[in-house]
Every structure is written in C-alpha cells, then in structure tokens.
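Written out below as structure tokens is the structure these notes cover.
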There are 2 protein chains.
Amino acid sequence: MTTRTDAPTRREQILREAARLFAERGFHGVGVDEIGAAVGISGPGLYRHFPGKDAMLAELLVGISERLLDGGRRRVAESDGDPEALLSALIDGHIDFALHDRALITLHDRELDRLRETDRKLVRQLQRQYVELWVEAVRRAYPSLAEPDARAAVHAVFGLLNSTPHLGPAGTLVGRPATGALLHRLARGAFAAAAHEDSGDAPGAPAAD
Amino acid sequence: MTTRTDAPTRREQILREAARLFAERGFHGVGVDEIGAAVGISGPGLYRHFPGKDAMLAELLVGISERLLDGGRRRVAESDGDPEALLSALIDGHIDFALHDRALITLHDRELDRLRETDRKLVRQLQRQYVELWVEAVRRAYPSLAEPDARAAVHAVFGLLNSTPHLGPAGTLVGRPATGALLHRLARGAFAAAAHEDSGDAPGAPAAD
DNA sequence: GCCATACGTTAACGCTCATTAACGTTCTCG
DNA sequence: CGAGAACGTTAATGAGCGTTAACGTATGGC
C-alpha cells in the first residue's frame with residue numbers, strides 16, 4: 001500500500017464529508033446518496049472508492065484510533081522523564097484533536113457498535129492501548145492513585161475533553177485558544193483532585209435509591 | 001390525564017426496554033419488533049401504547065430532561081445559601097442519575113436530533129435551563145470565573161460525569177460507592193482548577209494548525 | 001347477557017435505502 | 001489512433017422496517 005500525503009483526493013473528501021454527516025445524524029441516519037451529494041457525485045458513485053458504507057465508517061474509526069494512539073506514543077517517546085510534563089503533553093494532544101476534529105470525536109464513542117466484528121475488535125484494541133498509555137502516565141504523575149481509580153479518572157477526563165461538540169457551533173467557544181487552555185486546566189484539576197483522598201467536607205457518594 | 005405511580009405498568013416496561021435498546025444500538029438501529037419482543041409482545045402491539053416509535057424516544061428524552069431539571073431546582077430551593085454546598089449537591093444529584101440510569105444518560109446527548117422539531121425544541125429548552133442553573137451555581141461558588149468559561153466548564157464537567165457508560169459493564173466500576181465519590185472529587189477538582197488562572201507551569205492552549 | 005374497552009395477534013402496504021447492473025465519458029499512454 | 005483504466009451516471013433489485021388493517025379475546029360494569 002502507498003501512503004500518500006500529496007493532495008486532498010476524492011477519497012479523502014468523501015471520508016471528511018461522511019464523518020461530518022455521520023456525526024450529525026448517525027450512521028443509520030445518513031444515506032449514501034447524501035454522502036455522494038456532499039462531494040458532488042451522486043449515490044452509487046461512491047462504490048468506485050469504497051466497497052460499501054460500512055467500510056467508510058470502519059476506515060474513519062480505525063484512522064481516529066490510530067492517530068490518537070500514535071500521537072500518545074510519540075509524546076511518551078519524546079518525554080524527558082518528567083511525569084507532570086508528559087501528562088500535560090498528552091492532555092494537549094488530546095485537546096488539539098478534540099478541538100480540531102469534533103466530528104471524529106463524536107463518532108469515536110458513538111458509532112463503534114455499527115462496525116463489523118473484526119473492525120470493532122481492532123478499534124477497541126487501539127482504544128484500550130491508548131487508555132493504558134494514559135493510565136500509566138497518570139499513575140506516574142500521581143503514585144498515590146490506585147489503578148482502578150486511575151482508570152476511571154482517565155475515562156472521565158476523556159469525557160471531559162471530548163465535550164467539545166457540546167460547546168455550541170464552532171466559533172463561539174471552540175477555536176479560540178482560551179478554550180484549549182481552560183480544558184487543560186479542567187483536566188489537570190480533575191486528576192489532581194482524584195489523588196487527594198482527603199478532600200475536606202466533600203460528602204462523597206450520593207445515596208442510591 | 002392521570003399520573004399513577006402505582007406499579008410498573010406495561011407502558012413503563014416498554015419505555016425501560018426501549019431506552020436500553022436505543023442506547024445499545026441507536027434509535028435507527030432498533031426495530032419495533034425488537035422492542036416488542038423485549039417486553040413479551042410482538043411488533044405492532046406497541047401501537048396500543050404509543051402512537052409511534054418516535055413518541056417513545058420523545059417521552060424518554062423529555063422525561064430525562066425534566067427529571068434532571070426538577071432535581072436541580074429542588075436542590076437549589078433546598079440550598080441554605082452556601083454556594084459550595086449547593087454545587088456539591090448538584091454534582092451528587094447528577095452522579096446519582098448517571099450511575100443509576102446509564103442508558104438514559106447515553107440517549108440524552110446522542111439521539112436528540114432524531115426528535116420531531118417540536119419535541120427537540122422542548123428538550124433543548126429544558127437542557128438549557130439545567131445548564132443555566134449549574135452555571136449560576138458555579139459562578140456563585142467561583143466568582144472569579146468569567147461567564148463563558150463557567151459555561152464551558154459546566155459542559156465539560158457534564159461530559160466527565162456522563163462518562164459512566166464508558167466505565168465498562170455494570171459491577172466492575174459502576175455500582176460501588178467509591179466510584180461516585182471519585183467522580184465527585186474529579187468534578188470539584190475541575191471546577192476549582194478552572195477558577196485558578198495562574199496554574200503555574202501548565203503551558204495552556206495547544207497549537208492548532 | 002352484552003356491549004365497550006383494553007390489549008394482542010398476524011398479514012399486508014409502502015417507503016427507504018444499500019447494493020448491483022448496464023451503460024457512458026474522459027484521459028493517458030503505447 | 002485506440003485500448004483500457006479511472007470515474008460517473010441512471011435504472012433496477014431486494015431486503016428491512018415503520019405503520020396500518022383486519023381480526024381475536026378477556027374483562028368489567030350496566
């Protein structure tokens with residue numbers, strides 16, 4: 001296979017529009033005719049580029065997961081050993097992604113179950129590795145944090161960072177650098193608080209029914 | 001109309017199963033036959049209880065939004081004036097909901113666009129009021145926080161608290177009181193960090209392209 | 001006893017939609 | 001030129017699915 005970074009080809013155009021539409025209306029809520037229309041061709045013309053609608057979603061989700069994992073691994077490799085700095089770098093990388101590719105962030109945790117068994121397992125494996133990478137970084141930065149708590153905290157912070165699609169239309173809050181800085185502070189503050197068992201007067205668990 | 005809290009009637013049974021299935025496979029991914037089968041009747045028998053599939057989703061989403069807003073308002077009304085305590089109470093209420101009704105939490109921010117215009121506007125209005133209620137509470141607890149930042153922080157913390165569906169199958173992390181306490185600490189830590197502009201060495205916004 | 005209501009059933013109907021068939025049109029390169 | 005890849009088009013096909021029709025059955029009050 002050849003990995004080209006030459007120009008935005010038709011194929012990439014399709015993927016971008018499909019991501020946007022899937023994020024807006026859900027995988028089952030978008031027809032192939034719509035995707036085709038979004039790139040100027042119509043309907044079955046897409047089948048010159050993809051074997052089917054499923055394949056588009058699969059390529060999107062695998063691509064997202066790989067990009068996230070690769071970015072995380074690169075930052076780990078570039079780390080100078082300071083756990084705090086590594087954690088900050090991971091957070092920045094994720095924020096960058098969440099702010100820049102909101103549609104993909106939305107798909108990432110929403111349409112996973114629409115994949116064929118084999119693709120779904122691949123994506124889940126990539127996601128798991130990415131989570132593990134974070135859990136290790138968090139535990140190095142906050143050694144007092146128990147492993148299950150660290151894992152839950154990582155998932156929760158992902159939820160926090162991935163909230164960018166809820167910040168309203170692009171331009172209002174998304175896009176200005178202050179939002180990235182705010183998200184960074186929120187994430188760091190959450191992790192720091194997780195490590196402090198003695199949080200003072202906070203009552204803790206709410207009463208279940 | 002009569003509001004009965006007598007027993008789990010067939011209608012409520014349908015709503016519960018529909019919520020579970022919609023959360024698992026998405027609104028468009030579930031057929032009416034499946035919903036019927038889940039409650040022991042089959043297919044079009046559902047139309048004795050609901051005018052259509054849309055109506056089930058609408059009732060679910062409106063119900064969730066109303067319950068969240070009512071719970072929030074109740075806590076505001078019961079507040080003794082301590083902003084910190086009110087914020088903690090709001091967080092506990094939301095955590096209680098997120099841990100107990102994970103399917104509904106999933107639907108709440110995922111299938112909103114599948115509603116008819118009128119229902120969607122209603123749900124959005126309820127959601128907006130709930131957010132406003134939180135924003136006010138946050139700003140009272142942290143007066144230094146600017147309004148847009150407070151709003152973004154609230155959305156982000158919702159994303160954090162609503163991460164419970166990602167915590168794996170019920171029983172592992174969900175359900176034990178420690179998880180509720182952890183989520184509470186994470187949320188409080190995030191808000192506290194949002195208010196501190198001077199967070200030391202944290203670099204801030206990542207570089208967008 | 002009997003009619004009305006509540007609650008189901010199975011068998012169409014009709015529409016949407018992914019996929020395939022059959023048929024052009026450039027564009028390139030030998 | 002002229003063959004053949006690359007890329008599209010419109011028309012059919014066929015399955016899935018929400019909804020409606022037409023048809024039971026128990027139940028409960030008059």
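Only heavy atoms go into these numbers, but all of them, side chains included; no hydrogens, no water, no symmetry mates.
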At their closest point, which heavy atom of A/Ala19 faces which heavy atom of A/Leu104, and how far apart are they? CB-CD2, 3.7 Å

Does B/Arg10 make a side-chain N or O approach to OP1 or OP2 of C/dG8 shorter than 4.0 Å? yes

[N] [atom2] sits how many Å from [X] [atom1], rounded?
{"X": "A/Lys53", "N": "C/dT20", "atom1": "NZ", "atom2": "C1'", "result": "17 Å"}
{"X": "B/Leu21", "N": "D/dG18", "atom1": "CG", "atom2": "P", "result": "12 Å"}
{"X": "B/Phe50", "N": "D/dG18", "atom1": "CZ", "atom2": "P", "result": "15 Å"}

Are A/Arg20 and A/Glu17 close enough for a salt bridge, meaning some N to O gap below 4.0 Å?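 Yes.
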
State, yes or no, whether a side-chain contact exists between [X] and [Y] at a heavy-atom distance under 4.5 Å.
{"X": "B/Phe27", "Y": "A/His28", "answer": "no"}
{"X": "B/Leu68", "Y": "B/His108", "answer": "yes"}
{"X": "A/Leu90", "Y": "A/Leu133", "answer": "yes"}

Test item: A/Ser42 side-chain N/O and A/Gly36 main-chain N/O as donor-acceptor pair under 3.5 Å: no

Could you identify which residues of residues 23-48 of chain B place a heavy atom less than 4.0 Å from some atom of DNA chain D, listed by residue number, or say none?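 Hits under 4.0 Å, by residue number: B/Val30, B/Gly31, B/Val32, B/Pro44, B/Tyr47, B/Arg48.
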
Could you work out which one of D/dG8, C/dC7, C/dA18 sits closest to the side chain of A/His49?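 Nearest to the side chain of A/His49 among the choices is D/dG8.
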
